[in-house]
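Since this is a predicted model, take the numbers as computed values, not measurements. Letters go in sequence order (proteins before strands), and every chain restarts at 1.
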Number of protein chains: 2
Amino acid sequence: MPVNLTVPSIEQLHPVAGLDIGFAMAHIRKPNRKDVLVMRVAEGASVAGVFTKNRFCAAPVQVCQAHLKADKGIRALLVNTGCANAGTGERGLADAKATAAKVASLLNIQPEQVLVFSTGVILENLPMDRLLMGVDQAVAGLGQASWLDAATAIMTTDTLPKASSTRLPVGTGTITITGVSKGAGMIRPNMATMLGYLATDARIAQAVLSRWTTEIADASFNRITIDGDTSTNDSFIVVATGASSAVNIQTGDEPEAKAVLEALKAQAIVLAQAIVRDGEGATKFITITVEQAGTVDEASKVAYAIAHSPLVKTAFFASDPNLGRILAAVGYAGIEDLDQTKIQLYLGDVHVAIDGGRHPAYQEAQGQAVMNEAEITVRVQLGRGQASTTVWTTDFSHDYVSINADYRS
Amino acid sequence: MPVNLTVPSIEQLHPVAGLDIGFAMAHIRKPNRKDVLVMRVAEGASVAGVFTKNRFCAAPVQVCQAHLKADKGIRALLVNTGCANAGTGERGLADAKATAAKVASLLNIQPEQVLVFSTGVILENLPMDRLLMGVDQAVAGLGQASWLDAATAIMTTDTLPKASSTRLPVGTGTITITGVSKGAGMIRPNMATMLGYLATDARIAQAVLSRWTTEIADASFNRITIDGDTSTNDSFIVVATGASSAVNIQTGDEPEAKAVLEALKAQAIVLAQAIVRDGEGATKFITITVEQAGTVDEASKVAYAIAHSPLVKTAFFASDPNLGRILAAVGYAGIEDLDQTKIQLYLGDVHVAIDGGRHPAYQEAQGQAVMNEAEITVRVQLGRGQASTTVWTTDFSHDYVSINADYRS
């Protein structure tokens, strides 16, 4: 069961002018589900992306990177679920390019103007016949589908579609920001999400959008983890269609730029957290904040050591305040000269460990009360400096094992 | 259920001349179990140890390191289970020192000649009254207990005691090597085992034994992982009592030195693998070999990325040849310039992926046949150089979650 994750209604997901959506049920892996998504973007739109750092990155990721570099103006995005087209060698690359070419021919654009994304099982080839038929269907339906369709069409082991939308009065009018994300396992930065798409009708110059996309990812999708497995296919794309004349951001120094950036970031955080809330087998939504680190990198090491520890995660699943496991994770996070006598640990507002030892006033009932909540904050202070970070994660439950052991996702 | 782990009989566990064993049932955490162990070592014995790299190391680990450094000749080892005396601050250190002093006064030796070890729950103080009474009992019984008692007295979530023994004809006679280990969760190098003790009656100079202990650990306890959590208390101790005159190793260059070292290493590997075989919830014993790496460090990164991946481990639990998950782990192991087109993956003898893509001849039935075994070998070739390494690990099962979520171990 997802943790406090609600699905927006179609009405709450505002269309983004300059972006059309179409989908197909192509039976890529399973019948009777939306598994192909096409998004068509208006000419002149800015499109930027960040991708998995996994060196075994999938064929579509390689094609996306090449097509963004070609800088011919992205005009369409194609997503399929069911097959990741990863670990597929030369044939996988050829398949990814062929699907981009197919979309291009249908839309009368160049193949380099198409980005392609795949998610699903690794080490299997795309079923090209079914996928290409699906592309035909999805393109034929362009403009008739909603963002909720888009969110549904990119799901794999997700139990709920993930989407978010807002309208922001800014500049001379109002801009719309709407996005979708998917992913539930094999989730760890960089990138954290399997797939995330955020679109706005604001006009934002390509150079600014590229810079912002990294900053947005670092504040959202790069701060979530479920199982510590970095996927081969993770991609996060931001589209600015420019269909609205409310703002025209060319340098990022415009007075309204900050508001637009912050609004994009806020939506990305909602979409990223939605992935955690729907994490495979999740029963808790856990925020881990590490403070007083020497550097942000140090803070991240500690935060992820806690977030990835199976012992910490199973204790959260059990609502068991077995908090020594958190301290053990702090200790093996990789800070060579860590001084354990300077460490403070808080669970919610409860001061559990002081100067590396159990707080004399700490009572297990206090820890238990926090552990019983569905949303829990862990705060660690390292006593080394001023840097801090926050990551979001889930617990580790029987259902996680079932989902990943009993089914081929 | 442990994977192919058998418990030696008392007769198979040869006593080591110059080392006496005593135990107590002290109700440190649970009633009616052996939970205090004392080993008395003959005067003149060499004793060396390696310890956890966790910066949050427990009080007893700090005391051990100080006492070994004091170099007064170790004469006794004290182990308690049930409470790790970690995350216990100044009081924990004082408690550890007080237990060493207690053993010293009973045996008429100096406190610095005593090593102390604790394993169990973190962030709780030792029940000193019960522990000190247990020390009295255990010392009173010295010489009356077996190595099987020792193996049993150090168990926590272990389902079976772990011990190994051999006799080696060497030099002018025969030496005995016997050891015990414990640990089932929170297992990752360095060190991997919670506790491991290996003893021989061979005469080995302190400087040689110190050097050998690191080498033995690197070949055994530093190559196992269950959940990737490095404990706060891991300790591996080698004792050479010198009671046998069969060999006298003073430099390590003696003709018989290599045979003695290899025999010690072989027993340590048995004890280390026993921990994996009895890993929490283990249903498979998995050997991961990485070859053709540029450096051993590179090979280790890849081997541990595979060994720690929850997705890989749940697939093994399910006997599901979902082998793309292994390739994904190779990709995120942290080798920046990894070329995926040079990667070979073998499952047992089956060539699954060739040059980064699925092998054209690979059939899932072949992978399934290997997956159905209880002992599985994964072999990855990186195509980067000559270095290689091997690590041993387990799968990730429902029982792992149950053991760590349903009970406070």
Side-chain angles (χ1 to χ4, degrees), chain A residues 53-57 84 86-92 121-125 185-186 188 227-232 308-311 314-315 317-318 320 322-325 327-333 335-338 340-341 343 352-353 355-358 396-398 400-402 404-406 408, chain B residues 53-57 84 86-92 121-125 185-186 188 227-232 308-311 314-315 317-318 320 322-325 327-333 335-338 340-341 343 352-353 355-358 396-398 400-402 404-406 408:
Chain A
K53 298 259 184 6
N54 193 314
R55 298 307 306 163
F56 216 91
C57 67
T88 45
E90 285 303 315
R91 177 170 159 194
V121 179
I122 302 172
L123 212 63
E124 293 190 5
N125 292 305
M186 204 179 264
R188 172 187 181 154
D227 46 20
D229 280 85
T230 305
S231 153
T232 51
H308 291 150
S309 160
L311 288 170
T314 47
F317 169 55
D320 177 3
N322 193 342
L323 303 171
R325 293 176 176 181
L327 293 178
V330 172
Y332 68 66
I335 303 180
E336 289 298 322
D337 58 346
L338 186 73
Q340 62 171 278
T341 68
I343 298 196
V352 173
D355 300 341
R358 184 185 176 119
F396 217 157
S397 69
H398 281 294
Y400 179 88
V401 177
S402 294
N404 285 295
D406 304 346
R408 179 84 61 102
Chain B
K53 298 261 187 1
N54 193 314
R55 298 307 307 162
F56 216 92
C57 67
T88 45
E90 285 303 316
R91 176 169 160 195
V121 179
I122 302 173
L123 212 61
E124 293 190 3
N125 291 306
M186 203 179 265
R188 173 189 181 149
D227 46 20
D229 280 84
T230 303
S231 153
T232 51
H308 291 151
S309 160
L311 289 170
T314 48
F317 169 54
D320 178 4
N322 193 342
L323 302 172
R325 293 176 176 180
L327 293 178
V330 172
Y332 69 66
I335 303 181
E336 289 299 321
D337 59 345
L338 186 73
Q340 62 170 276
T341 68
I343 297 195
V352 173
D355 300 341
R358 184 186 176 119
F396 217 156
S397 69
H398 282 294
Y400 179 88
V401 176
S402 295
N404 285 294
D406 303 347
R408 180 84 61 101

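Taking each heavy atom of B/Asn54 and A/Tyr332 in turn, the nearest pair found is OD1-N, 3.5 Å. Residues A/Val401 and B/Thr314 come closest through the heavy atom pair CA-CG2, 4.1 Å. The heavy-atom pair separating A/Pro310 from B/Phe396 by the smallest distance is CB-CZ, 3.8 Å. Across all their heavy atoms, B/Val121 and A/Asn322 have their closest contact at CG1-OD1, 4.3 Å.
Partners of B/Ala86 under the side chain to side chain contact (heavy atoms under 4.5 Å, CB included) rule, at least two apart in sequence or in another chain, are B/Ala58, B/Ala84, B/Ile122, B/Thr232, B/Asn233. Residues satisfying the side chain to side chain contact (heavy atoms under 4.5 Å, CB included) criterion with A/Arg55, sequence neighbours excluded, are B/Leu338.
In terms of modelled atom types and a separation under 3.5 Å, the side chain of A/Asp355 and the main chain of B/Gly89 share no donor-acceptor contact. Not a single donor-acceptor pair under 3.5 Å links the side chain of B/Gln340 to the backbone N or O of A/Gly87. Listed for the A/Arg358 side chain is no donor-acceptor partner under 3.5 Å among the backbone atoms of B/Glu124.
For B/Ile343, the part lying under 4.5 angstrom from a heavy atom of chain A is the side chain only. Of the two parts of A/Thr88, only the backbone, made up of N, CA, C and O, holds a non-hydrogen atom closer than 4.5 Å to a non-hydrogen atom of chain B. When heavy atoms are compared at a cutoff of 4.5 Å, B/Glu90 does not approach chain A at all.
The candidate with the highest count of non-hydrogen atom pairs below 4.5 Å against chain A, out of B/Ala333, B/Cys57, B/Ala353, B/Gly92, is B/Cys57.
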